[in-house]
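Here the structure comes first, spelled out in structure tokens, and everything after it is commentary.
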Amino acid sequence: YEDLPKLLLAFQTSVPRTIVEKELKLTYNEHRELLPGCATYHHIFWTFKVLVDGFAYYKPIVEVDDTFHYGTYKGTLLVVVAQDETNHILPIAFALVEGKTTEA
């Protein structure tokens, strides 16, 4: 997670028109005291414009798949995928979230 800012910046500088949205949340210590100048990622979304543009050529059905992180950093990686006319699975967008919720 410490390298995420570098990774997202690399996406944005090397892949034209990369779309990145992120939401930070305040960080508290074990005594519920705010840690000044410290924030963590709450949600991160990214996609590449070329994938969004290519969606016009995909079948009109998308699926969301997920995988869970275990260990030090918890969370869920969501991947939105679709199929092209030759049934190849193609990614559309990616997101890191805290986990599945009933609102999602």
Side-chain angles (χ1 to χ4, degrees):
Y1 280 82
E2 290 178 16
D3 292 332
L4 272 174
K6 293 179 206 170
L7 177 66
L8 296 172
L9 181 61
F11 286 161
Q12 291 175 298
T13 56
S14 62
V15 181
R17 301 179 300 174
T18 295
I19 301 164
V20 174
E21 295 290 330
K22 51 193 170 204
E23 180 183 333
L24 299 174
K25 69 178 182 178
L26 300 175
T27 303
Y28 297 86
N29 64 18
E30 63 275 1
H31 304 293
R32 297 185 181 200
E33 299 167 331
L34 180 64
L35 297 174
C38 189
T40 57
Y41 287 110
H42 187 59
H43 301 99
I44 304 169
F45 166 89
W46 72 95
T47 188
F48 306 103
K49 183 74 166 75
V50 67
L51 298 177
V52 174
D53 292 345
F55 184 66
Y57 304 99
Y58 300 167
K59 293 178 182 178
I61 298 172
V62 298
E63 294 182 33
V64 179
D65 197 5
D66 59 13
T67 186
F68 303 99
H69 295 175
Y70 299 99
T72 303
Y73 302 106
K74 307 288 189 230
T76 303
L77 172 65
L78 302 175
V79 181
V80 179
V81 297
Q83 287 185 344
D84 67 9
E85 61 186 27
T86 60
N87 294 326
H88 290 103
I89 296 174
L90 304 162
I92 301 170
F94 308 87
L96 282 171
V97 297
E98 284 186 280
K100 289 184 183 179
T101 63
T102 56
E103 295 83 26

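Because the structure is a prediction, the values reported are computed rather than measured.
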Handout entry: Between NZ on residue K22 and NE2 on residue H43, distance to nearest 0.5 Å
Key = 15.0 Å
Exercise for the section: Evaluate the ring planes of F94 and F48, with Trp represented by its six-membered ring, and classify them as parallel (under 30°), tilted (30 to 60°) or perpendicular (over 60°). Expected result: perpendicular
Problem - Side-chain donor or acceptor of T67 paired with backbone N/O of L77 under 3.5 Å - result: no
Handout entry: Heavy-atom side-chain contact between L78 and F45 under 4.5 Å
Key = no
Problem - In one Ile/Leu/Val/Met/Phe/Trp/Tyr side-chain cluster, 4.5 Å: V64, V52 - result: no
Could you give the side-chain donor-acceptor pairs of residues 31-38 under 3.5 Å, partners two or more places apart or in another chain?
residue : atom : partner : partner atom : Å
E33     : OE1  : N29     : ND2          : 2.9

Handout entry: Pairwise distance CG(L51) to CG(L90) - rounded to 0.5 angstrom
Key = 8.0 Å
Handout entry: Contact list for residues 76-89, test salt bridge (charged side-chain N to carboxylate O under 4.0 Å, His left out), sequence neighbours left out
Key = none
Exercise for the section: Can you establish whether the number of heavy atoms outside E63 located under 6.0 Å from its atom CD is more than 12? Expected result: no
Practice task
With rounding to the nearest 0.5 Å, note down the distance linking CG in L7 to CH2 in W46.
Solution key: 7.0 Å
Problem - Any L96 side-chain heavy atom under 4.5 Å of L4 side chain - result: yes
Without placing hydrogens or testing angles, list every side-chain donor-acceptor pair under 3.5 Å for residues 10-20, not counting sequence neighbours.
residue : atom : partner : partner atom : Å
T13     : OG1  : L9      : O            : 3.0
T13     : OG1  : A10     : O            : 3.3
S14     : OG   : A10     : O            : 2.6
T18     : OG1  : F11     : O            : 3.1
T18     : OG1  : V15     : O            : 2.7

Handout entry: Taking every non-hydrogen atom, the tightest pair across P91 and Y58
Key = O-OH, 4.0 Å
